[in-house]
Amino acid sequence: MYFLTGWPRRLLCPLKSEEQPFHVQPSSQRFYFAVLSETQLSVWFSRPSVLIVSYIESAKASSQFGFYQQAEWKQDDSMIAVAAANGYILLFDVVGGGEDKYLYEPVYSKGSRGVKVTPGYKEEQCAPALSLEMKRPIDLEAPITSMLSLQEDLLVSTADGYLHILHWDGVSNGRKAISLCSVPFSLDLQSARGGLCLDLKGVYIRDMTYCVTLDGFAVVLNDGRLGFITPLANRITADQLQGVWAADVTDGTCVAVNNKYRLVTFGCASGSVLVYSIDTTTGSMQLSHKLELSPKHYPDVWNKTGAVKLIRWSPDYSVAMVTWECGGLSLWSVFGAHLICTLGEDFAYRSDGSKKDPINISSMCWGAEGYHLWVITSREETALVENMEEAPAQTQQAGILQFHFIKSALTVNPCTSNQEQVLLHGEDRLYLTCGDPTQLPSSSSESPHPHNLPHGGEGSPPHHPSSNSTSQGLSTLLGYKHWHVVQIHSTYLESNWPIRFAAIDTAGQCIAVAGRRGFAHYSMSTRKWKLFGNITQEQNMTVTGGLVWWKGFVVVACYNFIDRQEELRLYLRSSNLDNTFSSITKLHSETLLLNVFRDMIILFRADCSICLYSMERRHDGPNPSASVELLQEVSMSRYIPHPALVVSVTLTSVRTETGITLKAPQQACMADSIILNLAGQLIMLQRDRSGPQLQEKLPFCPPVVLAQYVENVWTTCRSNRKKRHLLEALWLSCGEAGMKVWLPLFPRDHRKPHSFLSRRIMLPFHINIYPLAVLFEDALVLGASNETVLYDSLQGPREGRESLEGLFPYCTVERTSQIYLHHILRQLLVRNLGEQALLLAQSCAALPYFPHVMELMVHVVLEEEATSREPIPDPLLPTVAKFITEFPLFLQTIVHCARKTEFALWNYLFAAVGNPKDLFEECLMAQDLDTAASYLIILQNMEVPAVSRQHATLLFNTALEQGKWDLCRHMIRFLKAIGSGEMETPPPTPTTQEPSSTGGFDLFRNRSISLSQSADSIAAGKFNLTKTFSMPSGPSAKGSDRWSKDSDCAENMYIDMMLRRHARHLLEHIRLKELGCFSAQLGFELIGWLCHERTRVARVDDFVMALKCLHKDFLWPFPVIPAGSISSPFKNGHRRTVLSQHLLKSQSADSLLNMDTAPPQTVARNSNRTWLDGLGALGPTEPTEMDTALSHGGPQTQEAFLSPLTNKTEECSIGSATDLTETSSMVDGDWTMVDDNFSTLSLTHSELEHISMELANKGPHKSQVQLRYLLHVFMEAGCLEWCVVIGLILREATVIKQVVNFLDSPEVPPETVQSVRSGLLGVDAWASTDCLGYKPFLNMIRPQLQKLIETSVEQIQPEAFLPGASNSKLAEPQPGGPRAEDSRGPVLGLALPLEPPGGLGTEDGGVPEEQEEQAVDEGAYDCTLS
């Protein structure tokens, strides 16, 4: 409602004075402030806050009258009355300084808008020169205790028990005095007639104030009793006064009244504020509520504040500021919602934790429109708050502080669009919840679509043209942390300050503000203000009843000074701001409130009548126009005692008989009811449909009171069949009592409702924020709250004094929001309305925070019931648990709630929701492993270790099967913890899972295959497994270290057994990709295990089936045979392999094209080059052809991005989604270079076709890396059959050749030779019939196949079969002149170094740096596969 902002400002008095000010009193309009010190009366102006005039009493007069005590303004600001200590009333005339006499004038640049056009224009923006003239003093012969200004009279109470009625002119008609003893007091007006009167001898009025809407005086007597005196006639005379007491109160200290809500507030010596209302029937004082600090939020000070010193209601009567004897300020809303208090948190403590003394206040008052609070600190405070600057002696008076506030637009202009947006306005700027600035403008869409895009900076949200029926999306209103701050146009502000009304449209894109005269509006999309072009038109109107947006028009209820006429005007937003573009309707009476519902305007007027108008947007001219037509007038004077009591007026489609029929959508949108907030009482007038149906001119039924203590009302004109509960409800803000919702109850499935079932139900619920807007569909309340930042450490106190920055924290306003759905669901379940709760919850199940809502509901009920000291006769938790089982997130909700609750409450929770073992098994059945892992932690704490182990084993096996590696790692740790008794460290539940089931070997990111031993050492048989195969450096590596430490532990053997069993299962089912992931993620020693299983599960029974499985598993396309393959220049296969190898390694085009012209040795050397070479890192020994190609503007190299294959059903289709441009790294520029070189390189069309065909036959780069890695692993383990299968899919002739050569060794068992022979024959037969793409490759390895068939099987010695043997044999170059394919050697891993002639390898046989870089690059290559 009201929020403190920034630091307070200190006002310095320019006059030299030893006296400190102690009292401030505002004029009726709050443009002037009278400030009193002991012998001095000063008048200050509000904007700018400057001293206008000061009257200093002479020493002689001062000794006669005594020191000044308090001041009061006449209603028209023409006089000031000052009470002096010796019983004198001093009257001062405030005289204007004559024509063109101003103390401060704005200076305009040439050609500026600020010229004097209309009379009175200039004095409204300048501080006028005033003078004070003292009139004849009035001696009342007794000390004056309080003063009160009425229209023509001044009411003064004195310490001798008299009430004096003085005329302001001080002469005419003398004065009348009424003795307090003659006023009859009673507990109510009815018993007063019996003559009950209390003894009032020696009692006088300590403080009093007048309430216009109650027409009476609230008084505090010096003995602490509270009373209310009502004049029975128009004139105040002794025999016409009647008083009532507040029962049982004797410690009253001060009083203030709220005219808008008819409330009388009394401060008490106990520190609390009592708020009374006057019963209209009996006239007695009824305690409405109390304003007091709660011990929960203020445990240190709640009972140490001292007596209440002052209470001040804001000008719009929506908040009250309170201060106590011990100091401090506290702000409450009308019905007790606590907004700010300076007795706690950063206001009370410094950043080092030391306590600050609260600031002591002797007087305070609100400034114009409540934007400032003027505070005068007491004398002892002045030393603390003195100015820190080295100011001259005469400016040392530093007692006036100005606190700055921003307030909600709902306080004065509670129209419908302001209720859907949070709009706050300060004296010169607006704060609004700006939408998502990254959303693209869409001119065609009817409503903005919420997209959770990344948020930009303080950007302007685009304009979404939308009708009144649209709502802003969730991310638009919630997804932006900061306020959008709009500075009000300075030209408009300087002549029309203060801003009185502000309104925003439903889409949150247009804002209008109205000050003293005229109005202006701002567009968020253009970031521009529109002001009246003709300043005379602006100054000739003033907005009286507020403004509101409707379909691109600003609707304004205003007063026209020229015609002296109340008018309703509609201005088009898109055209210039001018009366020629407006539609004007004359009104008979002053408008106090204005609102819009669809195409209808509702006005509340000063004669207590309500007018309904229909509006129509027309497109008959160049600009759209609007026509307004009166529909109906409804007189409310019977029900409304005073027009100022109406806080808001709303037209709505809400009505009580909703439950009877499911309304048609068009009928749901009709204006069925008028809702009035009458001084906190919510009154509803429904249309009377019993008579003839006359469309919208139906009469209204008598009013019904819906609720009490209402501050704000929210309703919407939108309709949504899916969320009818939320959209057809009425939302109320009730101060300290939180919120209420008037919820419709619908029969389920179009059934007839029960006769006893109410049509609607009022449900109260508490929230922790002050509500400013309700998002109906999103089940959210938006608000704002004060936050503070301490800056006292920046500058320490000097000379024992502290600066304002040190004394006060810097105040900011934060956006807040709160979910309320769980409160409503719980209230419905308490009332046995589970069916309605289910309907409501199902309509909101799609909300992103719906799981959180369910958790909150369980948590709140559990905490309340499980910690209750009394036994609960009818517990709600079983009902809530049963309710949540209706939703799929039941299992997660329960376990999340349990883990956020202390262990002591678990038994109570699971007694209601079910055994955690059963819930765990349900999770496994539903394949929800993460939730099952959470239940495991519950079981670990509630059951014996054997049960935990049993369930953990179940979960571990399931997680292995599903490839949830992260969870597997946690489960291994968990099982080990159970085994070693580490029960106190339960594993954390994995919050997110890596997409291991979709990705390839992300596992190889940390893995490198080191082959740094020289060929000699390998040949000598010193093969070291740990050097060759380095473990991953992630969590699995740490785990493996721990295993090695206590490997003899039974638990580790148990875990190893499960891991080996899973590996066997994967290999049996030919799931090689999963086997690789499994090994890398869990640190499973694959090579060692394969060595053991070489003759068992690591055999390949069906080569064709294995080949097909690998194609499918690695998304590898089946090879296709080109049409012209017979006459292919590449049919020897030699150049083909080199070329594709280079393209897949993302080589640049120069090396690609030079490969054909280079001699074989160069090609062999080039085949080892990494992508670095393409960036110019070429050796000096390169041939000149390469340099010439580079000088043609050689292209830059990029990484190859490969698209995965989506459809692999046909075995022999051209199954690759990659074409030449995608696979190679050439950009468009590279192709030009290719064209330029065609003449020199003479590549024919068929050759190019072969290149592209070769690329089409390759799978994704990542799959290639993975297959080569597996080939390396199987080679190391001596699983020759799998080496053949992988060699086939990679179409690596050298692999097949060397495996066949190795089969000659006597160490190889005959079964393996037989298996490879029959497998290759089987593949050949299958390729001949089903997949001809394999035929060219099989023809290439035909000599090896022939050799295999002819080989005689020999018995071998098994101990000679070492993993290193195969490697050494493979690594040796073939004797004789090396062909390119032979010298390349097989590429067996990520970075397997080759031994090219020319000595590219390093001296010690290690991997060259470029190779290592390539290994890192390829290992970290990330490619997500579908």
Side-chain angles (χ1 to χ4, degrees), residues 28-31 75-77 120 124 151 211-213 215 259-262 315-318 368-369 409-415 418 496 498-503 512-519 537-548 550 554-571 579 582-596 600-613 615 628-651 674 676-679 683 685:
S28 61
Q29 293 295 310
R30 297 176 196 270
F31 289 144
Q75 300 278 5
D76 60 2
D77 300 353
E124 283 175 359
Q151 207 64 41
C211 182
V212 180
T213 49
D215 190 26
N259 283 311
K260 195 169 199 169
Y261 288 87
R262 298 179 101 188
D316 55 28
Y317 295 110
S318 57
E369 296 298 323
L410 292 174
T411 53
V412 279
N413 194 29
C415 60
N418 282 357
N496 297 295
I499 298 300
R500 293 166 56 220
F501 301 99
V513 294
R516 216 179 329 185
R517 300 283 175 96
F519 73 95
Q537 290 184 6
E538 179 190 274
Q539 294 301 311
N540 283 338
M541 67 173 278
T542 182
V543 177
T544 55
L547 30 77
V548 65
W550 170 79
V554 191
V555 184
V556 183
C558 62
Y559 178 75
N560 183 339
F561 287 104
I562 300 270
D563 301 343
R564 300 190 176 183
Q565 171 74 47
E566 295 287 339
E567 293 175 344
L568 180 68
R569 298 186 183 183
L570 279 78
Y571 291 86
N579 290 349
S582 71
S583 153
I584 300 177
T585 308
K586 296 198 181 308
L587 306 174
H588 306 303
S589 175
E590 183 190 352
T591 304
L592 299 181
L593 289 164
L594 164 78
N595 213 335
V596 165
M600 292 173 72
I601 300 181
I602 180 168
L603 302 180
F604 177 73
R605 305 190 304 194
D607 60 359
C608 294
S609 65
I610 289 172
C611 290
L612 300 177
Y613 290 86
M615 296 178 289
V628 178
E629 181 191 346
L630 177 67
L631 289 177
Q632 198 171 357
E633 283 194 42
V634 184
S635 173
M636 296 291 293
S637 52
R638 292 172 55 192
Y639 311 111
I640 299 174
H642 196 287
L645 295 174
V646 178
V647 180
S648 68
V649 59
T650 312
L651 205 56
I674 294 172
L676 290 173
N677 183 351
L678 175 64
I683 292 176
L685 291 89

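Inter-residue side-chain proximity for Asn579 and Tyr571 is flagged as met; some heavy-atom pair is nearer than 4.5 Å. Contact check for Lys586 versus Asp563: side-chain heavy atoms found under the 4.5 Å cut-off. You'll find the side chain of Val628 reaches within 4.5 Å of the side chain of Ser583, heavy atoms only. Inter-residue side-chain proximity for Arg500 and Thr542 is flagged as met; some heavy-atom pair is nearer than 4.5 Å. Residues Met541 and Glu567 form no side-chain contact, since every pair of their non-hydrogen atoms from C-beta on lies 4.5 Å or further apart. Looking at heavy atoms from C-beta onward, Ile601 lies in side-chain contact with Met615 at the 4.5 angstrom threshold. No side-chain heavy atom of His642 sits less than 4.5 Å from a side-chain heavy atom of Asp215. Contact of the Ile640 side chain with the Ile683 side chain is not registered, since no non-hydrogen atoms from C-beta on lie closer than 4.5 Å.
Put simply, CG on Asn595 and CE on Met600 are 11.5 Å apart, with the number rounded to the nearest 0.5 Å. Taking CD1 of Ile610 as the reference point, atom OG of Ser635 lies at 9.0 Å (rounded to 0.5 Å). In this structure, the separation between CG on Leu630 and OG1 on Thr585 is 9.5 Å, given to the nearest 0.5 Å. Between atom CD of residue Gln537 and atom OG of residue Ser582 there is a gap of 8.0 Å, rounded to the nearest 0.5 Å. In this structure, OH on Tyr559 lies 10.5 Å from OG1 on Thr544, to the nearest 0.5 angstrom. If you take OH on Tyr317 and CG on Leu645, they are separated by 11.0 Å, rounding to the nearest 0.5 Å.
Side chain of Thr213 to main chain of Asn259: a donor-acceptor pair is present (N/O by atom type, distance under 3.5 Å, no hydrogens or angles). Side-chain N or O atoms of Arg517 include one that pairs as donor or acceptor with a backbone N or O of Gln539 at under 3.5 Å. Side chain of Gln565 to main chain of Leu587: a donor-acceptor pair is present (N/O by atom type, distance under 3.5 Å, no hydrogens or angles). Checked by atom type and distance alone, the side chain of Ser28 pairs as donor or acceptor with a backbone atom of Gln75 at under 3.5 Å.
Taking the ring axis of Phe31 as reference, the NZ or CZ atom of Arg516 stays within 45° of it and closer than 6.0 Å to the ring centre.
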| request: I would like to know whether Trp550 and Leu570 meet side-chain contact (heavy atoms from CB on, under 4.5 Å); could you show each step before the answer? | output: CA-CA 9 Å; Trp550 170 79; Leu570 279 78; 4.0 Å; yes
| task | Go through Met636 and Leu678 one step at a time and tell me if the side-chain contact (heavy atoms from CB on, under 4.5 Å) criterion holds. | result | CA-CA 11 Å; Met636 296 291 293; Leu678 175 64; over 6 Å; no
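Results of the side-chain contact (heavy atoms from CB on, under 4.5 Å) test with Val555 over Leu603, Leu547, Val548 single out Val548 as the only residue that passes. Under the side-chain contact (heavy atoms from CB on, under 4.5 Å) rule, Phe604 has a single partner from Leu594, Val649, Ile674, which is Val649. Applying salt bridge (charged side-chain N to carboxylate O under 4.0 Å, His left out) to Arg605 and the options Glu590, Glu633, Glu566 leaves one that passes, Glu633.
Of all heavy-atom pairs spanning Phe501 and Gly546, the tightest one is CD2-CA, 3.7 Å. Residues Asn413 and Ala502 come closest through the heavy atom pair ND2-O, 3.1 Å. Nearest heavy atom pair, residue Ser589 against residue Ala606, reads OG-N, 3.8 Å. Across all their heavy atoms, Pro643 and Leu592 have their closest contact at CB-CD1, 3.7 Å. Of all non-hydrogen atoms in Lys260 and Thr411, the two that sit nearest each other are NZ-O, 4.0 Å.
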